[in-house]
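Notes follow the structure.
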Amino acid sequence: MSEASRLRMEHVPGLLAGALVLVLGFDEGGFASASWVWVVVPLMLVAGAFFAGLAARPSPMELWFLGALAGLLVWTLVSSIWSLDPTASVLDGERLLLYGSSAAAFVLLARPGSRPGLLVGVLVAVAVLCVAGLADAAVGDDPIGAVTDDPGSDDRLAEPVGYANGMAVLAAMGRLLAIGLALAAPFRGLRAACLLLVPLFLATLYLTYSRGGWLALALGLLALLALRIGSLDRRIVLGACAVLLVAVTAAGVAFARSFAAPTATPAEGAERLRTLSGSSRADYWRVALRAVEDEPLLGSGSGSYRRLWYRNRSEPQPARDAHSLYLETLAELGPLGLVLLLAALGLPVAVAVGARADPLAAAALGPYVAFLAHTAQDWDWELPAVTVAALACAVALLLSTRRQSAPLGRVPSLVGGTAALVLVVLALTAYAGNRELALAEAGSERSARRAARLQPWSSEPWRVLGETQLERGEVEAARALVEVAVALAG
């Protein structure tokens, strides 16, 4: 491969990461299942790289990372067998395919020099999303939409992702990327360009009025600085950590009661930043913990939390998620699911600890830790725009373990390329079903019947058909269709 071709290949992962974050971000964060058709892009790139002999041999840590994601995907789909909501389990698997294929594309297309491009691609994409959000806040009057029912959400910057806390964590990650890249940049002009973006991210974060976003920013900044000052006297580092631990413990004791007491946040606007309410998170976590007690080994099945909530909630309000990725995974997928998740998300952090002398490691670790912290108390995992940005940072960390870019053998390339093409077909079929179901929800009976054919495991098309028949006054026909939906729903 010529030097020019090698340089072009180095930029592919960064371009892909930036493009995915952008298109998913402008599509309500990729929350709706019809948005996951973008999985075809990384899968096609992976297939092309395999067949063209351009796929790089991953390092052992990268292989473990991809293996943990693949294991989590398989276990998610297997959980549909006993799930309280098999349809939701399959949908969770489709979303995980997007994450796994994106991570695989970043790894297999990357070269040792791809790390800066990955981080810059995410930085530029997040900056564009923040500019769009600030512009909407300044001149737009679009409603928030169906992604969130949070109190006071009309006053918070949420576009274009559609969820204020999702925009908050993106802004926090963007600020940390800008600082980290500025510290690592070899040229003064690049450092200045990164630092000029910091006010943009801070303004976006402030207007989301997200307390969790500021907390994620603080923890990410702490991780970034801890890695940067790793060469200092160990006594200084240990002393600073001890002071921080005492401060965090004291703060936790001070607001624990206030966090759990109110079930909603009455404050609006900037007043929200001065409240200590957990916005019902204590209730969400209580329901998830009860599910762990009821199904300690296998869990209730991926995607089943919404049914658990309606079954055990103490407050008459809707909820789709437990607002904690780790607790929800334990409740839905049991200990094995949590182990697979922690293995996938924890490996990049382990690599960063061993790469203290690498300035790019600190630049990637800060935003990645912000994501890990924020997803412990919110549902960022269900927003692919946020999660793909985090996965790009994770791969940037893992790439520090790759010493050379050796090609894969002929047989692995052929098998990998064929598998990627098979997944493309499955993804397109899933997209067709999801799109028809979305049209059915909008009132198309023909689309509902098509969705039932494309998604024979799903109860949703039959539910929509039953509701359509009921609106026509055809009670007996509606009852028969709803009975089919109930049977499929388990």
Side-chain angles (χ1 to χ4, degrees), residues 13-46 65-66 69-70 72-73 76-77 88-107 118 121-122 124-126 128-130 132-133 145-148 158-174 302-303 320-321 323 325 328-329 341 344-345 367-368 370-372 374-375 378-395 423-424 426-428 430-431 434-435 438:
L15 292 172
L16 175 62
L20 285 175
V21 173
L22 268 181
V23 297
L24 291 167
F26 278 108
D27 195 6
E28 293 294 312
F31 178 79
S33 59
S35 303
W36 307 337
V37 67
W38 292 107
V39 68
V40 172
V41 176
L43 283 174
M44 289 297 294
L45 287 174
V46 167
F65 172 70
L66 295 179
L69 284 176
L72 184 61
L73 168 60
T76 294
L77 293 175
S89 301
V90 175
L91 288 174
D92 278 1
E94 292 178 21
R95 188 193 299 111
L96 263 170
L97 179 60
L98 172 61
Y99 296 159
S101 63
S102 298
F106 299 154
V107 168
L118 266 172
V122 173
V124 171
V126 172
V128 172
L129 293 174
C130 288
V147 174
T148 175
E159 296 300 331
V161 169
Y163 182 47
N165 290 345
M167 278 301 298
V169 69
L170 280 175
M173 293 171 68
S302 186
R320 296 185 179 95
D321 304 281
H323 288 64
L325 172 62
E328 183 174 322
T329 300
L341 176 72
L345 298 183
Y368 187 61
F371 167 80
L372 295 181
H374 197 266
T375 200
D378 221 310
W379 43 274
D380 308 309
W381 192 254
E382 281 72 31
L383 289 174
V386 177
T387 302
V388 170
L391 289 174
C393 295
V395 172
L423 290 176
V424 166
L426 294 176
L428 288 175
Y431 165 70
N434 293 337
R435 182 176 181 276

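What you see is a predicted model, and the numbers here were worked out from it, not measured in a lab. Just so you know, these numbers use all the heavy atoms, side chains as well, and skip hydrogens, waters and symmetry mates.
Shortest non-hydrogen contact noted between Ser102 and Leu20 is OG-CD1, 3.6 Å. Glu328 and His323 make their closest contact through OE1-N, 4.2 Å (heavy atoms, listed as atom of the first residue, atom of the second, distance). Closest heavy-atom contact between Val46 and Ala104: CG2-C, 4.2 Å. For the pair Ala427 and Leu97, the tightest heavy-atom approach, listed with the atom from each and the gap, is CB-CD2, 4.5 Å. The two atoms that bring Leu24 and Pro384 nearest to each other are CD1-CB, 3.8 Å, heavy atoms only. The two atoms that bring Leu73 and Gly93 nearest to each other are CD1-O, 3.1 Å, heavy atoms only.
Of the inter-residue distances, the one linking Ser302 atom OG with Arg95 atom CZ reads 8.0 Å to the nearest 0.5 angstrom. Atoms OH and CE, on Tyr368 and Met173 in that order, are 9.5 Å from each other to the nearest 0.5 Å. Separating the CG atom in Leu43 from the CG atom in Leu98 is a distance of 9.0 Å, to the nearest 0.5 Å. Leu345 contributes atom CG, which lies 6.5 Å from atom CG of Leu325 (distance to the nearest 0.5 angstrom). The CE atom of Met167 lies 11.0 Å from the CG atom of Leu383; values are rounded to the nearest 0.5 Å. Atom-to-atom distance recorded for Arg435:CZ and Ser33:OG is 12.0 Å, nearest 0.5 angstrom.
In this structure, Leu129 and Pro160 have side chains that are in contact, with non-hydrogen atoms separated by less than 4.5 Å. Inter-residue side-chain proximity for Val169 and Asn165 is flagged as unmet; no heavy-atom pair is nearer than 4.5 Å. Residues Val424 and Met44 are in side-chain contact: their nearest non-hydrogen atoms beyond the backbone lie under 4.5 Å apart.
No donor-acceptor distance shorter than 3.5 angstrom exists from the side chain of Ser35 to the backbone of Gly29, with no hydrogens or angles considered. Between the side chain of Tyr99 and the backbone N or O of Trp381 there is at least one donor-acceptor pair closer than 3.5 Å. Panel note: side chain Asp321, backbone Trp379; no donor-acceptor pair is recorded below 3.5 Å. Of the possible polar contacts, one joining the Asn434 side chain to the Ala430 backbone as a donor-acceptor pair under 3.5 Å is found.
Judged by distance alone, the side chains of Asp92 and Thr76 never bring a donor and an acceptor atom under 3.5 Å apart.
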Notebook entry, point to check: Could you go step by step and tell me if Tyr431 and Val40 meet the side chain to side chain contact (heavy atoms under 4.5 Å, CB included) rule?
Noted result: CA-CA 10 Å; Tyr431 165 70; Val40 172; over 6 Å; no

Next item on the list: Begin with the C-alpha distance, continue with both residues' side-chain angles, and end with the deciding distance and a verdict on side chain to side chain contact (heavy atoms under 4.5 Å, CB included) for Phe106 and Leu45.
Entry: CA-CA 10 Å; Phe106 299 154; Leu45 287 174; over 6 Å; no

Check: Which is it for Val395 and Phe65 under the side chain to side chain contact (heavy atoms under 4.5 Å, CB included) test, yes or no, and what are the steps along the way?
Finding: CA-CA 9 Å; Val395 172; Phe65 172 70; 4.1 Å; yes

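Taking the six-membered ring wherever Trp is involved, the centroid distance between the rings of Trp36 and Phe31 does not fall below 6.0 Å.
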